[in-house]
Amino acid sequence: MGYYYYYSDLNSYSLCPSWAPVLGFGGVVAAVVFANIGGAYGTAKAGQGIMAMGIRSPELLMKNIIPVVMAGVLGIYGLIVAVILNGKITKPTADGITYSQFNGFSHLAAGLCCGLSSLASGMSIGIAADAGTRAVGAQSAMAASWKKMGFSGDAGGQAGGSGDALFVGTVLIQVFAGNLGLYGLIAALILSQMESLCGTDQNYY
């Protein structure tokens with residue numbers, strides 16, 4: 001059963017409650033915090049693999065720094081969404097509250113879309129980079145050992161292997177993992193444009 005009430009002043013209507021800005025600020029927090037957690041995890045996890053790989057193959061250290069950059073970009077996604085949402089949260093005025101409940105939920109959804117997508121992306125980048133960089137380093141070290149032993153033929157693909165095949169595969173995995181955060185950013189930007197402002201002359205029933 002639905003309940004309908006008439007309000008001559010839209011600011012007193014339930015669509016524009018005093019707690020609506022809490023939802024908007026929650027979206028700002030979700031975008032920044034979750035995106036930064038994802039970026040931090042991806043950077044830390046990838047860094048572990050890179051440092052472990054660098055012990056045996058230090059010449060590949062800078063070549064495999066790509067996942068750290070990709071994980072750091074996730075925090076920028078959250079920052080962009082947070083700045084946009086913060087600019088759309090209006091302060092209460094003497095005439096009443098102009099920030100609607102609809103805006104609050106749309107901005108909360110935008111922050112969660114960006115933040116949680118970036119969190120998932122960061123975890124994916126970190127785990128894939130950790131395994132990938134270790135594999136690239138192991139292949140390079142194995143190829144060097146085969147050459148020291150005097151093998152100049154194929155030797156199972158190890159003597160002439162430089163790790164490029166594994167490196168390309170690792171980068172592709174990280175690119176698709178990084179796209180997850182980009183999808184969340186796009187969805188957040190679309191949601192942030194949905195507005196329903198209070199203070200119009202419409203009557204609600």
Side-chain angles (χ1 to χ4, degrees), residues 27 30-84 109-149 151-193:
V32 174
V33 172
F34 288 130
N36 284 337
I37 291 175
Y41 181 86
T43 301
K45 194 68 174 176
Q48 286 183 340
I50 292 172
M51 292 301 104
M53 179 271 301
I55 296 175
R56 292 185 297 179
S57 304
E59 71 279 0
L60 299 177
L61 186 63
M62 296 305 298
K63 182 179 179 180
N64 287 272
I65 206 71
I66 296 176
V68 175
V69 177
M70 296 182 66
V73 170
L74 299 176
I76 299 177
Y77 292 166
L79 178 62
I80 292 172
V81 173
V83 170
I84 293 175
L112 289 174
C113 279
C114 179
L116 294 179
S117 296
S118 296
L119 175 60
S121 178
M123 295 178 65
S124 180
I125 290 174
I127 295 173
D130 185 21
T133 52
R134 291 174 189 267
V136 170
Q139 186 185 45
S140 177
M142 188 176 296
S145 65
W146 276 103
K147 290 180 181 179
K148 289 181 181 179
M149 293 171 62
F151 291 98
S152 58
D154 180 56
Q158 299 298 333
S162 61
D164 288 339
L166 279 178
F167 176 75
V168 172
T170 301
V171 171
L172 287 177
I173 293 171
Q174 293 162 11
V175 167
F176 285 106
N179 286 344
L180 300 177
L182 183 60
Y183 300 154
L185 173 64
I186 294 173
L189 293 177
I190 294 174
L191 287 169
S192 67
Q193 303 305 314

Report task. Considering non-hydrogen atoms only, spot the tightest contact between G132 and T170 and give its length. Result -> CA-OG1, 3.6 Å
Requested in this report: Test C113 against L191 for side-chain contact (heavy atoms from CB on, under 4.5 Å), laying out the working first.
Outcome: CA-CA 9 Å; C113 279; L191 287 169; 3.8 Å; yes
Report task. Let me see the working for L180 and S117 under side-chain contact (heavy atoms from CB on, under 4.5 Å), right down to the final yes or no. Result -> CA-CA 6 Å; L180 300 177; S117 296; 5.5 Å; no
Query raised in the report: Is the backbone N or O of G126 less than 3.5 Å from a side-chain atom of D130, with the two atoms forming a donor-acceptor pair by type?
Result: no
Query raised in the report: Which pair of non-hydrogen atoms, one from A82 and one from V32, has the smallest distance, and what is that distance?
Result: CB-CG2, 3.2 Å
Query - Approximate separation, where rounding is to 0.5 Å, of I127 CD1 and K45 NZ - result: 6.5 Å
Report summary line: Closest heavy-atom pair, A35 versus L74, reported as atoms and distance to 0.1 Å, is CB-O, 3.5 Å
Query raised in the report: Stepwise, does the side-chain contact (heavy atoms from CB on, under 4.5 Å) test hold for F34 with L112?
Result: CA-CA 8 Å; F34 288 130; L112 289 174; 4.2 Å; yes
Query raised in the report: Looking at OH of Y77 and SG of C114, how far apart are the two atoms once the value is rounded to the nearest 0.5 Å?
Result: 9.0 Å
Query raised in the report: Given side chains that start at C-beta, do those of Q193 and L189 come closer than 4.5 Å, heavy atoms only?
Result: no
Query - Side-chain heavy-atom pair L185, L182 within 4.5 angstrom cut-off - result: yes
Report task. Report the distance from atom CZ of F176 to atom CD1 of I125, rounding to the nearest 0.5 Å. Result -> 13.0 Å
Requested in this report: Going by the side chain to side chain contact (heavy atoms under 4.5 Å, CB included) test, name the single residue among S124, P67, S121 that passes it with Q174.
Outcome: P67
Query raised in the report: Should Y41 and N36 count as side-chain neighbours, where that means a heavy-atom distance under 4.5 Å?
Result: no
Report task. Rounded to the nearest 0.5 Å, what's the gap from CD on Q48 to CD1 on I50? Could you check? Result -> 10.5 Å
Report task. Work out which heavy atom in A52 is nearest to a heavy atom in R134; give both atom names and the distance. Result -> CB-NH1, 3.3 Å
Query - Where A188 and V81 come nearest, the two heavy atoms and their spacing - result: CB-CG2, 3.9 Å
Requested in this report: To the nearest 0.5 Å, tell me how far T133 OG1 sits from I66 CD1.
Outcome: 11.5 Å
